[in-house]
Amino acid sequence: METNTPKRRDNKKSLRVKVISLGNAEVGKSCIIKRYCEKRFVPKYLATIGIDYGVTKVQVRDREIKVNIFDMAGHPFFYEVRNEFYKDSQGVLLVYDVGLRESFDALDSWLGEMKQEMGSQANMDSIVFIVCANKVDLTKRRVVDEGEGRLWAESRGFHYFETSAQSGEGINEMFQSFFSSITDMCENGGKRPVTEVSAGFTKEQADTIRRIRNSKDSWDMLGVKPGATREEVNKAYRKLAVLLHPDKCVAPGSEDAFKAVVNARTSLLKNIK
Ligand code: GTP
Ligand code: MG
């Protein structure tokens, strides 16, 4: 049976772990790793061909951690190469570019690809996930805000960091948190401590807020077909109101989503006889 339990060397205090980077092409995966390991930034885009592999040693408390980093190519062309490398990872860096919405929307399919390649033995609870909202230095072209990214990450029990490989913002903090969580997990018998990222809201709430934000009109927002009846609108409204009511839901953006749903219902009911 496949497990994610890391290899322990003879020295009791040293650990060997495997981490991988995932995300669309050109979002900055290689640059984030380079910024941390080599303290430099390369502005020219050099696409990763298949996989890049590197090793780094870090100290977490009284342990030396040897980290094997597998930096994946994001281009779909390299799927066949990537799929060999998902297994036995203790940590995943999920990267998107805050200036490209499609790279954020693609995070779900990256998780999907990983689950599929790990097969039925996949145990996602034994992996530490960190979401990097990268290129935050390019403030003018930003289209995915912090609330949206954080919501996606934290509703899944993942960590969220805003990073810039260009300026170095957030990079060391992100890696420190990454390695220390992986160490905690290994010391906790290979289970990600559940209290560590306690979002206080459900994935259903987070996904609903995201759906509401991206909805194209009031019908879409309430999740009913155009031309739905009064009863259908009210039924859909009540379901959303229970899920998102600010007294019950602490997810970021829930208040705005709730207001939007109230307004959508009011405007639809005005036009339904
Ligand atoms: P693949 O290997 O093709 O999957 O791409 P990647 O995700 O590894 O992207 P890479 O790190 O090669 O960076 C892509 C481009 O974005 C390069 O031109 C980088 O210089 C640039 N880049 C990466 N991170 C940042 C950042 O934080 N800010 C800015 N402004 N540019 C960045
Ligand atoms: Mg790369």
Side-chain angles (χ1 to χ4, degrees), residues 17-56 58 67-87 89-118 127-150 152-153 158-179:
V17 300
K18 173 182 169 185
V19 304
I20 59 176
S21 65
L22 291 185
N24 279 8
E26 233 176 303
V27 294
K29 300 178 293 297
S30 303
C31 285
I32 287 174
I33 294 165
K34 198 171 268 191
R35 165 61 78 186
Y36 179 73
C37 295
E38 298 174 26
K39 311 269 174 278
R40 65 193 181 98
F41 174 70
V42 184
K44 191 169 180 286
Y45 174 41
L46 297 163
T48 304
I49 308 297
I51 299 276
D52 268 346
Y53 170 71
V55 185
T56 188
V58 292
V67 188
N68 295 280
I69 305 177
F70 292 80
D71 176 24
M72 309 264 210
H75 199 283
F77 181 75
F78 296 110
Y79 167 69
E80 296 288 338
V81 185
R82 273 197 310 268
N83 64 18
E84 302 288 319
F85 290 90
Y86 282 112
K87 284 184 178 150
S89 305
Q90 283 81 42
V92 176
L93 282 183
L94 271 174
V95 185
Y96 69 92
D97 174 347
V98 295
L100 288 175
R101 176 159 293 279
E102 61 267 31
S103 72
F104 175 62
D105 292 339
L107 295 180
D108 281 314
S109 42
W110 282 105
L111 280 182
E113 180 177 307
M114 177 170 183
K115 273 189 203 155
Q116 188 188 318
E117 293 314 317
M118 285 172 58
I127 300 171
V128 172
F129 287 88
I130 292 240
V131 175
C132 296
N134 193 41
K135 306 200 188 182
V136 292
D137 56 289
L138 301 172
T139 47
K140 287 208 183 106
R141 65 185 275 281
R142 183 162 188 164
V143 292
V144 185
D145 68 18
E146 178 177 350
E148 210 175 339
R150 192 176 280 286
W152 188 90
F158 300 170
H159 300 258
Y160 172 86
F161 279 86
E162 304 238 306
T163 58
S164 165
Q166 193 256 9
S167 70
E169 182 184 337
I171 301 286
N172 283 341
E173 295 84 338
M174 182 274 288
F175 275 106
Q176 268 161 23
S177 168
F178 192 33
F179 297 141

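Worth knowing before you read on, the calculation uses all heavy atoms, side chains too, and leaves out hydrogens, waters and symmetry mates. Both ligands and their constituent atoms are indexed starting at 1 by order of listing.
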**OP:** Below 4.0 angstrom from a heavy atom of N134, which ligand 1 atoms are there? Numbered from 1 as shown, please.
**Re:** 24 (N), 25 (C), 27 (O)

Original post:
Does an N or O anywhere in A47 fall below 3.5 Å from an N or O of ligand 1?
Top reply: no

Original post:
Of the protein's non-hydrogen atoms, which lies at the shortest distance from atom 18 (O) of ligand 1, and what is that distance?
Top reply: P43 O, 2.8 Å

Original post:
How far is atom 3 (O) of ligand 1 from its nearest protein heavy atom, and which residue and atom name does that atom have?
Top reply: Y45 OH, 2.5 Å

Subject >> E26 N/O to ligand 1 N/O under 3.5 Å >> reply: yes

Original post:
So F161 and H159, would you call those rings parallel, tilted or perpendicular, with 30° and 60° as cut-offs?
Top reply: parallel

Subject >> Distance (rounded to the nearest 0.5 Å) between D105 CG and W152 CH2 >> reply: 10.5 Å

Original post:
Would you say A73 contacts ligand 1, with heavy atoms under 4.0 Å as the rule?
Top reply: yes

Subject >> Heavy-atom nearest neighbour in the protein, as seen from atom 2 (O) of ligand 1, with distance rounded to 0.1 Å >> reply: T48 OG1, 2.8 Å

Subject >> Per-atom contacts of ligand 1 with L138, taking only distances under 4.0 Å to non-hydrogen atoms >> reply: 30 (N)

Original post:
Would you say G23 and ligand 1 have an N/O pair spaced under 3.5 Å apart?
Top reply: no

Original post:
Quick one: does F41 get an N or O within less than 3.5 Å of an N or O on ligand 1?
Top reply: no

Original post:
For atom 10 (P) of ligand 1, what's the nearest protein heavy atom and its distance?
Top reply: G28 CA, 3.7 Å

**OP:** Answer whether the closest heavy-atom distance between the side chains of Y96 and V131 falls below 4.5 Å.
**Re:** yes

Original post:
Counting from 1, what ligand 1 atoms have a heavy atom of K29 closer than 4.0 Å?
Top reply: 1 (P), 4 (O), 5 (O), 6 (P), 7 (O), 8 (O), 9 (O), 11 (O)

Original post:
Parallel, tilted or perpendicular for F158 and F129, by the 30°/60° rule?
Top reply: parallel

Subject >> atom 25 (C) of ligand 1 - nearest protein heavy atom and its distance >> reply: K135 CG, 3.6 Å

Original post:
Considering all heavy atoms of both residues, which atom of C37 and which atom of I69 are nearest to each other, and what is their separation?
Top reply: SG-CD1, 4.2 Å

**OP:** Heavy-atom distances under 4.0 Å are what count here, so tell me which part of S30 touches ligand 1: side chain, backbone, both or neither.
**Re:** both

Subject >> Where at least one partner belongs to residues 92-102, residue pairs that pass salt bridge (Lys or Arg N to Asp or Glu O under 4.0 Å), sequence neighbours excluded >> reply: D97-K135, D97-R141, R101-E148

**OP:** Just jot down the ligand 1 atoms closer than 4.0 angstrom to any heavy atom of V42, in number order.
**Re:** 19 (C), 20 (O)

Original post:
Residues two or more places apart in sequence or in another chain: which of them pass salt bridge (Lys or Arg N to Asp or Glu O under 4.0 Å) with E26?
Top reply: none

Original post:
K44 heavy atoms, cut-off 4.0 Å: which ligand 1 atoms fall inside?
Top reply: 18 (O)

Original post:
Once you round to the nearest 0.5 Å, how far does CD1 of I33 lie from CG of L93?
Top reply: 6.0 Å

Original post:
Parallel, tilted or perpendicular: which fits the ring planes of F70 and Y53, with parallel below 30° and perpendicular above 60°?
Top reply: tilted

Subject >> Closest protein heavy atom to atom 19 (C) of ligand 1, given as residue, atom name and distance to 0.1 Å >> reply: C31 SG, 3.6 Å

Subject >> For S164, atoms of ligand 1 separated by under 4.0 Å from a heavy atom >> reply: 27 (O)

Original post:
With a cut-off of 2.8 Å, which protein N/O/S atoms are close to the Mg ion (ligand 2), if we only count those under it?
Top reply: S30 OG, T48 OG1

Subject >> Backbone or side-chain N or O of A25 under 3.5 Å from ligand 1 N or O >> reply: no

**OP:** Sort and list the pairs that fulfil salt bridge (Lys or Arg N to Asp or Glu O under 4.0 Å) and have at least one residue in residues 30-43, not counting sequence neighbours.
**Re:** E38-R40

Original post:
Looking at atom 27 (O) of ligand 1, what's its closest protein heavy atom, distance included?
Top reply: A165 N, 2.8 Å

**OP:** Using a 4.5 Å cut-off on heavy atoms from C-beta on, say whether the side chain of I32 contacts that of V95.
**Re:** yes

**OP:** Would you mind listing which atoms of ligand 1 come within a distance below 4.0 Å of any non-hydrogen atom of D137?
**Re:** 26 (C), 27 (O), 28 (N), 29 (C), 30 (N)

Original post:
Is R142 reaching over with its side chain to a backbone N or O of V136, donor-acceptor style, under 3.5 angstrom?
Top reply: no

**OP:** Find all atoms of ligand 1 within a distance of less than 4.0 Å from any non-hydrogen atom belonging to G74, and give their numbers and elements.
**Re:** 1 (P), 4 (O)

Original post:
Between Y45 and A47, which heavy-atom pair has the shortest distance, and what is it?
Top reply: OH-CB, 3.4 Å

